[in-house]
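Working notes, beginning with the structure itself.
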Amino acid sequence: MAAAGAAFGSNTYRNGAHRSSVKADGKNLAANQSFKSSSSASSSSASSSFKSRSLQFRKSSPAALGGANGAAKDGGGVPGRVRVAVRLRPRNAEELAADADFADCVELQPELKRLKLRKNNWDTDTYAFDEVFTEFASQKRVYEVVAKPVVESVLEGYNGTVMAYGQTGTGKTYTLGKLGEEDTAARGIMVRAMEDILGDISLEADSVSVSYLQLYMETIQDLLDPSNDNISIVEDPKTGDVSLPGATLVEVRDQQNFLELLRLGEAHRFAANTKLNTESSRSHAILMVNVKRYVKEKDPVLPMENGSNSHSAKTFKAPIIRKGKLVVVDLAGSERIDKSGSEGHTLEEAKSINLSLSALGKCINALAENSAHVPVRDSKLTRLLRDSFGGTARTSLVITIGPSPRHRGETMSTIMFGQRAMKVENMLKLKEEFDYKSLSRRLELQLDKLIAEHERQQKAFDDEIERIHAESEMRIAETDGKYADALEKERIKYQKEYMESIKKIEEQLVGDQQKHDNDSATVSHNDYYSNGEVSSISALDEVADLKKLLEKETILKKAAEEELTNHKRQLYQSKLMEASATSEILKLRKLLEDESRQKQKLEGEIAIMQSQLLQLSFDADERRRQLDRTGSGNDSNDLDCLTAQVKNPQLSDSENGEKASVAKLFEQVGLHKILSLLEADDADVRIHAVKVVANLAAEEANQQKIVEAGGLMSLLNLLRSSDDETIHRVAAGAIANLAMNETNQELIMAQGGIRLLSTTAANAGDPQTLRMVAGAIANLCGNDKLQTVLRSEGGIKALLGMVRCGHPDVLAQVARGIANFAKCESRASAQGAKTGRSLLIEDGALPWIVQNANNEASAIRRHIELALCHLAQHEVNAKDMISGGALWELVRISRDCSREDIRTLARRSLASSSTFKAELRRLRMDY
Ligand code: ADP
Ligand code: MG
């Protein structure tokens, strides 16, 4: 492309005789261009030819953030040359009158996209452009060819620039800024661009805001707030992005709203009169339109409503926003100031007025010539437009010229400016980023919702329990009352009946007594026999009466008994009811327990979400810092990596970042809370918690706190109780870290740690688990006090058992453990604290030691060499070492070992042992 661009250089066309080369370059241009290829085609096809290019972008842009195959993954963008169109203004009234007898100084060949500039009556120069607009070109067509593709790119998230350059009075403001209120066909590029933008975005989700500025004599003034008359440019020192934080930024909601802003700006615009045109301007007008859009995703970002899904927290994604910026620049007139005869300016002022424009020309020259230095910093205009030329924006330039031969010189210099601008290559880059702020707002909202929901449930539950309790108490009281009433009634009834029957019997008795008295008086007067007869008859009657009475009493008693059983039954039933109420209370209590377990789980989830939130915001900070550091390069790589981090924070590569975020978590959540999560019911929570604890344990500063809070115990418990290998691996890693400290080593031993680690090793399949376990045991092996216990609990056997896996990392830890152990033993022997054969030899470690003494992995070899030297220092081991082949290895070490200290140690060991010396003499060997 650069080669084709270079071919548009004016030199090729200077000489009108180069006909054939014009044709060839015309072909080149057609292949390269994005402006319409034929001026006779309809204007809509013009814009569609640029559109197909945009589509091509979209495919290759890193739009699919999750996917790793964005074309811009290398951090580069899409090449995009600055497009340049030339527009000829129709003759105005003055020219019609004054130049009536002269031909125009230019001749356009729009179908060939060429322009001929008359040198004199017989000679012309020919220049090619991306598009050539005659005096008849409509505003609509100019917009569609020049600006619409730029607007479309901005809507897709790129930066874009549309700029007009030319002599005062040639139609720059007409092309860009015409409001077209009386005649809609005359609407200029600014108005049409905003119409397209507002028509494309979603007003609910996206936003458009504008600033409108004027640059005059190296001072930036706010056209939307004239009191704001010295706005400074702020450059991000790392990314080089420029911004104008002091400029008024107005959100645009509709077209009317925008037109009012333009009108307001125009009213404020500083217009210096020149003799060329009373409306002409010596200042640059700059419209900035910021478009912020959310990238729509297929998956809803918030998949859950009730918050009960424990995996939900993992599905949060930061929404992606694209921020395109459209800059429309109506430049000051390009004519030299002395010629314009601007009045009331000193020479210094005149220089200052032209400074920005001449700096722009210099930058474009430098870019066109691929010069190493582009003097961007020379003026405010070039600083503001640094992204537009040689940057990441899509840029279109319209150069405007007038027809009059009187201004041939200015027209010529405008054309040369356009020719050079055509050679400027930009690298288009998508301005896309994660919106962490909104994600974190959303997470917080979700958290609040979860907490509120939980509180609501808890309250409803408490109310229900209270209600049931009150109801059952009321029922019991009611039954009790009823029963007592019935009982009392019965009692009164029986008492009454009893009293009545007593009264009756008494009456009877009194009656009988009287009768008896009467009868006995009669007997004394009458015949003895007859007297006896009468008395027996009355006695019989009495008996019969009494019998009847008795029968009646019996019936009454039976009825009372029945009544009693009835009441008993009632009592039993009410007891039953009471029992069922109690069982209901029990059931509810159980429910309450379930609920509180659920609450605990939710709290665990909340803790995880908080940690993820922290992680996310940390990652965002980190990311931002990293982006700042690396500039804008490598976007997509970084984003992939970031996505991975968010999904799996523990796998983060940036170890420091991870530690810092874990430390932050530690502060916020508290160690006790984290440790309590080690016993959570939810396996995910447990895994997460043990990873956090392991990270903390890796920092020496945290180790004591963890042990004091019971963390070591919890970790050992996890080895005992969990079946999950990930938990085993991470817990063993944490224990290995804690086992670096002597006090902790004793604690681990006291807690049966060796047996737990041995069992874990025996069941583990993953080499990384074995590495962690071996590392932990190796640390314990280095403690002089623990030697015997460690061995008797199977520590050495466990180490030797792990060599089955063959992974060099595991073997290195085993070798380290053996070396540590041998060193402690040799120290004990030297102090006379140990007399017998090495426990390593007792436990059968020697064959493995000999076998690996010359292992090609240096980490393994060094440890074993040291172990052999230590073993050799104690005479009692010598015999076994000779029969096991260790003597040969010692001799080899004493001769070949690359480390001098080990060589010396080996030599000294050999020299100090009479058994070794005798054997070497027997073999006639020198050492
Ligand atoms: P500049 O901004 O370059 O100084 P203007 O846009 O103010 O020039 O144009 C100068 C005059 O020419 C204005 O009156 C404008 O209406 C008129 N003019 C410019 N271009 C055209 C055009 N293509 N068709 C009709 N009138 C034009
Ligand atoms: Mg103007």
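Both backbone and side-chain heavy atoms feed into the values below; hydrogens, waters and symmetry mates do not. Whatever order the structure lists ligands and atoms in, that order sets their numbers, starting from 1.
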query = Who gets closest to atom 2 (O) of ligand 1 by heavy atom: Ile401, Thr173, Thr134?
reply = Thr173
inquiry  = Within the structure, is a non-hydrogen atom of Pro90 found at a distance of less than 4.0 Å from ligand 1?
reply    = yes
key: Part of Ala164 with heavy atoms under 4.0 Å of ligand 1, whether side chain, backbone, both or neither   = neither
key: Residue Arg89 vicinity, atoms of ligand 1 by number, heavy atom under 4.0 Å   = 12 (O), 18 (N), 19 (C), 20 (N), 21 (C)
inquiry  = For Thr170, state whether at least one heavy atom is located under 4.0 Å from any atom of ligand 1.
reply    = yes
key: Pair Arg377 + Glu235: basic N to acidic O under 4.0 Å   = yes
ask   = Is it true that Arg87 lies under 4.0 Å from ligand 1, counting heavy atoms only?
value = yes
inquiry  = Yes or no: does Gly333 have any heavy atom under 4.0 Å from an atom of ligand 1?
reply    = no
task = State whether Tyr174 contributes an N/O/S atom found under 2.8 Å from the Mg ion (ligand 2).
result = no
ask   = Are Glu156 and Lys431 within salt-bridge range, i.e. N to O under 4.0 Å?
value = no
key: Pair Val289-Ile197, side-chain contact (heavy atoms from CB on, under 4.5 Å): steps then yes or no   = CA-CA 10 Å; Val289 184; Ile197 289 171; 4.0 Å; yes
request  = Side-chain contact test, heavy atoms from C-beta onward, threshold under 4.5 Å: evaluate it for Met163 versus Leu360 and give yes or no.
outcome  = yes
ask   = For ligand 1, is there an atom lying under 4.0 Å from some heavy atom of Gln167?
value = yes
Per-atom contacts, ligand 1 versus Lys172 - under 4.0 Å to a heavy atom = 1 (P), 2 (O), 3 (O), 4 (O), 6 (O), 8 (O)
request  = Indicate yes or no: at least one non-hydrogen side-chain atom of Tyr143 is less than 4.5 angstrom from one of Glu195.
outcome  = no
query = Hey, are Asp196 and Lys148 close enough for a salt bridge, meaning a charged N less than 4.0 Å from a carboxylate O?
reply = yes
query = Evaluating non-hydrogen atoms only, which member of Gly169, Ala285, Ala186 is closest to atom 10 (C) of ligand 1?
reply = Gly169
inquiry  = Salt bridge check, Arg322 against Glu432: does any charged N sit closer than 4.0 Å to a carboxylate O?
reply    = yes
request  = Would you please test Glu135 and Arg87 for salt bridge (charged side-chain N to carboxylate O under 4.0 Å, His left out) and show each step?
outcome  = CA-CA 7 Å; Glu135 65 267 48; Arg87 186 179 197 184; over 6 Å; no
Min heavy-atom dist Thr168 to ligand 1 below 4.0 Å = yes
